[in-house]
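Report on the structure given below.
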Amino acid sequence: MAVYFETSSCLSVATSADSPSVSRECNFAVTDYDLAGTLNCGQAFNWHWRSDGWEGVIHGRWVRLCQQNGTIRAETVAPESDWSWLADYLQAHVGLGDILVTFPAETRLTMAVEKCRGLRLLRQDPWECLASFILSSTKQIVQIRQIIALLRVRFGSPLAVPNGAPRQFAFPTAEQLAAATEAELRACKMGFRAPYLLAAARQVAIGECNLDRLATLSVDKARSELLKLPGVGEKIADCVLLFAYGFPTAFPIDVWIAKALRQFYFRGRKTPMKRLRQFATEHFGPNAGYAQQYLFHYIRMEGRKKL
DNA sequence: TACCAGGAGAGCG
DNA sequence: CGCTCTCATGGT
């Protein structure tokens, strides 16, 4: 039976193992957490549903996640004594209510929140997030997933997985990708994004860009550092600021969000990007990034219903 | 077939 | 600054 520690990020599962705190399983108590929606709303690209859980990789470890009621159960291959890496990734400690109360009381956003109850922002590895979104430009999410799957297999380090589970690879490090050729990257179906990814990987690998240091900077400083990287513009920089560094005001505006903003707040009129950005920062408040993700997930779900 | 996809960069006036 | 064009590839 599971033993729960109240408010702790990890509720360990009692086992017959040598030490009670070391286990291959861990339960997280969560409220207002939609795991499936969170893993599938276009912020992460390497989660796969397989029979009884979501399988993926976090910081070089194979993980299976599965939600039952108010609990997210996690399994790893090797026993873990410290699960803070997973709690941090899932942002399980974040009280969603504290976020939602900062949203403007307004019809469209309220509707999105109701339809996507429990949607969360993850806290991802900066390099993986950066590289993934460099590959995302004018690609559909399914395709981004395919490209990244190829990258992992061809350049990433193989990981230990449970018996019977499909093979899995770590996301390639900047060093691993920096050692690749442009032709090898293009063979992963990334097209014109190959030289961007390669150049970015080299800058990170040689320390010309220090991703760890960005976490210590202000949003604006961190953004201008990201914008120096090849293949990184406003949109991709904001994705990394939001999904990897957790800057809550970062508000990525892609084609979907742009369409939604024009439709919801500008009567469907053509509105320049600069105007949309200004509106977003003024309107959505201190957790604009969360609002953005609710709008994004909401309009994508609505779009699919029509088909 | 035609159009579009979680865009960015270069060239232009 | 704002506009347009191109880049590569696959889904719908």
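The structure displayed is predicted, hence computed values, not measured ones.
One atom, CD of A:Q146, and another, C1' of C:dG11, lie 9 Å apart when rounded to the nearest Å. We find that CE of A:M190 is positioned 12 Å from C1' of C:dT9, with the value rounded to whole Å.
Salt bridge annotation for A:K115-A:E302: absent, with no cationic side-chain nitrogen under 4.0 angstrom from a carboxylate oxygen. Between A:K235 and A:D238 there is no salt bridge, since no side-chain nitrogen of the basic residue lies less than 4.0 Å from a carboxylate oxygen of the acidic one. Under a 4.0 Å N-O distance rule, the pair A:E55/A:R64 qualifies as a salt bridge. Salt-bridge check for A:E25 with A:R73: passed, with a basic side-chain N closer than 4.0 Å to an acidic carboxylate O.
Listed by first and then second residue, the salt bridge (Lys or Arg N to Asp or Glu O under 4.0 Å) pairs involving residues 119-128 of chain A are A:E128-A:R152 (not counting sequence neighbours).
In this structure A:A44 satisfies the side chain to side chain contact (heavy atoms under 4.5 Å, CB included) test together with A:W47, A:Y89, A:L122, A:Q124, sequence neighbours excluded. Listed by chain and residue number, nothing satisfies the salt bridge (Lys or Arg N to Asp or Glu O under 4.0 Å) test with A:E234 (two or more places apart in sequence, or in another chain).
C:dG11 and B:dT1 have their C1' atoms separated by 14 Å, given to the nearest Å. Between C:dG2 and B:dG6, the distance separating the two P atoms is 26 Å to the nearest Å. Across the P atoms, C:dT6 and B:dC3 are found 15 Å apart, a figure rounded to whole Å.
With 3.5 Å as the limit, one finds no donor-acceptor pair spanning the side chains of A:D220 and A:S218. A donor and an acceptor atom, one from each side chain of A:T71 and A:N27, are nowhere located under 3.5 Å apart.
In the hydrophobic clustering of this structure, A:L135 groups with A:V255; members are Ile, Leu, Val, Met, Phe, Trp, Tyr whose side-chain heavy atoms approach within less than 4.5 Å, directly or through other members. The hydrophobic cluster containing A:F243 also contains A:L217, counting ILVMFWY residues as joined when their side-chain heavy atoms lie under 4.5 angstrom apart, directly or transitively.
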When you compare the protein's N or O atoms with those of nucleotides 1-8 of chain B, which come within less than 3.5 Å of each other, and at what distance?
unit_1: B:dA5; atom_1: O3'; unit_2: A:K139; atom_2: O; d: 3.0
unit_1: B:dA5; atom_1: O3'; unit_2: A:Q140; atom_2: N; d: 3.3
unit_1: B:dA5; atom_1: N3; unit_2: A:T138; atom_2: O; d: 3.2
unit_1: B:dG6; atom_1: OP1; unit_2: A:K139; atom_2: O; d: 3.2
unit_1: B:dG6; atom_1: OP1; unit_2: A:I141; atom_2: N; d: 2.2
unit_1: B:dG6; atom_1: OP2; unit_2: A:W256; atom_2: NE1; d: 3.1
unit_1: B:dG6; atom_1: O4'; unit_2: A:D254; atom_2: OD2; d: 3.2
unit_1: B:dG6; atom_1: N7; unit_2: A:G42; atom_2: O; d: 2.7
unit_1: B:dG6; atom_1: O6; unit_2: A:C41; atom_2: O; d: 3.3
unit_1: B:dG6; atom_1: O6; unit_2: A:G42; atom_2: O; d: 3.4
unit_1: B:dG6; atom_1: O6; unit_2: A:Q293; atom_2: OE1; d: 3.1
unit_1: B:dG6; atom_1: O6; unit_2: A:Q293; atom_2: NE2; d: 2.7
unit_1: B:dG6; atom_1: N1; unit_2: A:Q292; atom_2: OE1; d: 2.9
unit_1: B:dG6; atom_1: N2; unit_2: A:P252; atom_2: O; d: 3.3
unit_1: B:dG6; atom_1: N2; unit_2: A:Q292; atom_2: OE1; d: 2.3
unit_1: B:dG7; atom_1: OP2; unit_2: A:T138; atom_2: N; d: 2.7
unit_1: B:dG7; atom_1: O5'; unit_2: A:T138; atom_2: N; d: 3.2
unit_1: B:dA8; atom_1: OP1; unit_2: A:G233; atom_2: N; d: 2.9
unit_1: B:dA8; atom_1: OP1; unit_2: A:G233; atom_2: O; d: 3.2
unit_1: B:dA8; atom_1: OP1; unit_2: A:K235; atom_2: N; d: 3.4
unit_1: B:dA8; atom_1: OP1; unit_2: A:I236; atom_2: N; d: 3.0

Contacts under 3.5 Å, N or O only, protein and nucleotides 3-6 of chain C:
none

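Looking at residues 273-285 of chain A, you'll see that no heavy atom sits under 4.0 Å from any atom of DNA chain B.
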